[in-house]
Amino acid sequence: MTVVAVTAASGGRGVTTTAAGMAIASRRSITLAEMDATGGDLAAWWDLTESPGIASAVTGMSSPDWVTTNSQRAAAGILVMPAPLRAHEANSTVNEALRTVLPTLSAYSEVTAIVDAGASTHVLAPAASEAALVVIVASQIAGAPRASAAMLERTGDLGPWVRIRP
């Protein structure tokens, strides 16, 4: 499987929007896995429930079709594994999903997953180790060029977790 991890430096915005846009624009079968430890947005965006999603995937990987069973079809036509909305629930669920769901997802050759890693380096480290591509989102802050420059400089802090595979 191909894993694409989408993240931002601390203070960055637009990770979920970028990940969702990439999934929608793709002509391939995509599973959008929301692994933002600060809480999920995708369930609210597409009027989905939190389950099935990342939380149910943590405990439900035994069936052969576990990706489909633990996903919901969004209005845009993509499969979505939403994260819990509340940060305290999302944090513990995402930590377990990084240990169990992410490596299992990456083992499936028929699935392409876009992983919304939020702006957390503790999520990015395992996501980047499974990813064929890491997308770092940086958005300019209107009227604040110094703040924008500082955010871009912080993307360099993500360097230890991002590598180019031969």
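Counting only distance, with no hydrogens or angles, the side chain of S26 and the backbone of A23 share no donor-acceptor pair below 3.5 Å. Without hydrogens or angle criteria, E34 side chain to V80 main chain gives no donor-acceptor distance under 3.5 Å. Of the possible donor and acceptor atoms, one in the side chain of N95 sits under 3.5 Å from a partner among the backbone N and O of N91. The backbone N or O of P82 sits nowhere less than 3.5 Å from a side-chain atom of E50 that would complete a donor-acceptor pair. Remark: the backbone N or O of P126 is paired with a side-chain donor or acceptor of S129 at under 3.5 angstrom.
Nearest approach of T7 to A119, heavy atoms of both residues: OG1-CA, 4.1 Å. The two residues V6 and V15 make their nearest non-hydrogen contact at O-CG1, 3.3 Å. Heavy atoms only, all atoms of each residue included: S51 and Q72 are closest at C-NE2, 3.8 Å. Of all heavy-atom pairs spanning A20 and W46, the tightest one is CB-CH2, 3.8 Å.
Between E89 atom CD and I54 atom CD1 the span is 14.5 Å, to the nearest 0.5 Å. Between D47 atom CG and L42 atom CG the span is 13.0 Å, to the nearest 0.5 Å. Atom CG of L79 and atom CG of N70 lie 11.0 Å apart (nearest 0.5 Å). I24 contributes atom CD1, which lies 8.5 Å from atom CG of L32 (distance to the nearest 0.5 angstrom). Atom CD1 of I114 and atom OG1 of T2 lie 10.0 Å apart (nearest 0.5 Å).
Every residue meeting the side-chain hydrogen bond (donor to acceptor under 3.5 Å, both in side chains) condition with T16, not counting sequence neighbours, appears here in chain and number order: D116. Evaluation of the salt bridge (charged side-chain N to carboxylate O under 4.0 Å, His left out) rule for E96 yields R99 as partners, not counting sequence neighbours.
Looking at V101 and M35, their side chains come closer than 4.5 Å, going by heavy atoms from C-beta outward. At least one side-chain heavy atom of S71 sits less than 4.5 Å from a side-chain heavy atom of M81.
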Step-by-step side chain to side chain contact (heavy atoms under 4.5 Å, CB included) determination, V94 to D36: CA-CA 7 Å; V94 166; D36 187 339; 5.9 Å; no
CA sep, side-chain torsions, deciding dist, call: V123, L98, side chain to side chain contact (heavy atoms under 4.5 Å, CB included): CA-CA 7 Å; V123 174; L98 292 170; 4.1 Å; yes
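Pairs engaging residues 56-75 under the salt bridge (charged side-chain N to carboxylate O under 4.0 Å, His left out) rule: none recorded [sequence neighbours left out].
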